[in-house]
S.K.: 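The structure is given below, and queries will be raised subsequently.
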Amino acid sequence: MFPTVTALLVFFLFACYTTLASDPDPVQDFCIPNTNSSLLPSSVGSNLPCKNSSEATPDDFVFSGIKTAGNFKKTGFSAISVNPMLFPGLNTLGMSFVRADLDVGGINVPHFHPRATELAYVAEGKVYSGFVDSSNRVFAKVIEKGEVMVFPRGLVHFQMNIGHSPATILGSFNSQNPGLQRIPTAVFGSGIKEELLEKAFGLSARQISVMRRKFIPIP
Ligand SMILES: *[C@@H]1O[C@H](CO)[C@@H](O)[C@H](O)[C@H]1NC(C)=O
Ligand SMILES: *[C@@H]1O[C@H](CO)[C@@H](O)[C@H](O)[C@H]1NC(C)=O
């Protein structure tokens with residue numbers, strides 16, 4: 001009897017833990033944020049007030065902003081992150097997505113999403129794509145148009161266009177606010193004390209300042 005109760009308790013606690021590990025379940029069909037609200041936050045949290053559902057229209061559930069690529073940055077990369085700030089219909093649904101484009105030779109620098117697993121579908125092109133697990137093992141290979149790769153939540157991942165034409169990737173996330181930390185910027189563009197970086201990487205003050213200038217935050 002007692003072991004059964006203990007086992008149930010353990011199971012229940014585990015179930016609670018896994019539930020708390022993702023976005024909260026919605027308590028209504030949808031919640032189009034009321035953009036007139038004075039409570040409008042600067043982030044993409046799910047605590048936005050909803051507009052009256054009788055005022056929702058089909059357009060609230062359609063997003064047309066990823067028909068074309070954004071502008072390439074120096075790294076030959078462009079991304080349009082579609083979260084509830086850009087596409088209010090996603091609010092409270094626990095999902096978001098991204099359109100990423102890579103110019104020939106372009107890269108998506110090593111980065112991670114603290115709050116979401118990502119499924120990356122190659123819509124066009126050929127990319128070297130992979131992630132690193134917490135034992136520093138790399139899982140990487142070349143994937144082509146029509147293939148999908150999964151990047152487990154919180155793990156560092158990266159991509160490079162190795163084809164002869166631009167590549168397009170559609171990524172979807174199991175959080176409406178996956179978060180994004182780029183490793184180079186987090187380390188060299190964040191204002192960590194230089195002395196610590198010198199010791200961490202075994203580099204001179206001059207080498208660290210060169211790295212710093214390269215990785216001022218990407219807007
Ligand atoms: C927001 O405010 C504008 C102007 O005050 C009004 O026309 C519109 O109906 C409001 N929208 C909502 C969703 O309350
Ligand atoms: C929502 O709109 C409907 C129809 O206009 C109205 O009957 C209802 O009272 C509204 N609900 C709220 C909470 O304002």
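Residues: numbered from 1 along the sequence shown. Nothing here was measured: the structure is a model prediction, and the numbers come from that model. Both counts, for ligands and for their atoms, begin at 1 and track the order of listing.
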S.K.: Taking the ring of H157 and the ring of F112, is the distance between their centroids below 6.0 Å?
M.R.: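 Not under 6.0 Å, so no.
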
S.K.: Tell me the residues surrounding ligand 2, counting only those with a heavy atom closer than 4.0 angstrom, sorted by chain and number.
M.R.: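 Its neighbours under 4.0 Å (heavy atoms only) are N52, S54, given by chain and number.
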
S.K.: Give a yes-or-no answer on whether the side chains of D23 and S175 include a donor-acceptor pair shorter than 3.5 Å.
M.R.: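 Yes, a side-chain donor-acceptor pair sits under 3.5 Å.
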
S.K.: With the threshold set at 4.0 Å, does a side-chain nitrogen-carboxylate oxygen contact exist between R212 and E194?
M.R.: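 Counted as a salt bridge, because a side-chain N and a carboxylate O are separated by less than 4.0 Å.
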
S.K.: Ignoring hydrogens and angles, state whether a donor on the side chain of Q181 or H111 is under 3.5 Å from an acceptor on the partner side chain.
M.R.: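 Checked: Q181/H111 side chains show no N/O donor-acceptor pair below 3.5 Å.
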
S.K.: Is it the case that the ring center of Y121 lies less than 6.0 angstrom away from the ring center of F97?
M.R.: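 Not under 6.0 Å, so no.
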
S.K.: Clusters formed by hydrophobic residues whose side-chain heavy atoms approach within less than 4.5 Å: which one holds I143, and what are its other members?
M.R.: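 Listed partners: F77, L102, V122, V127, F131, F139, M149, F151, L155, I169.
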
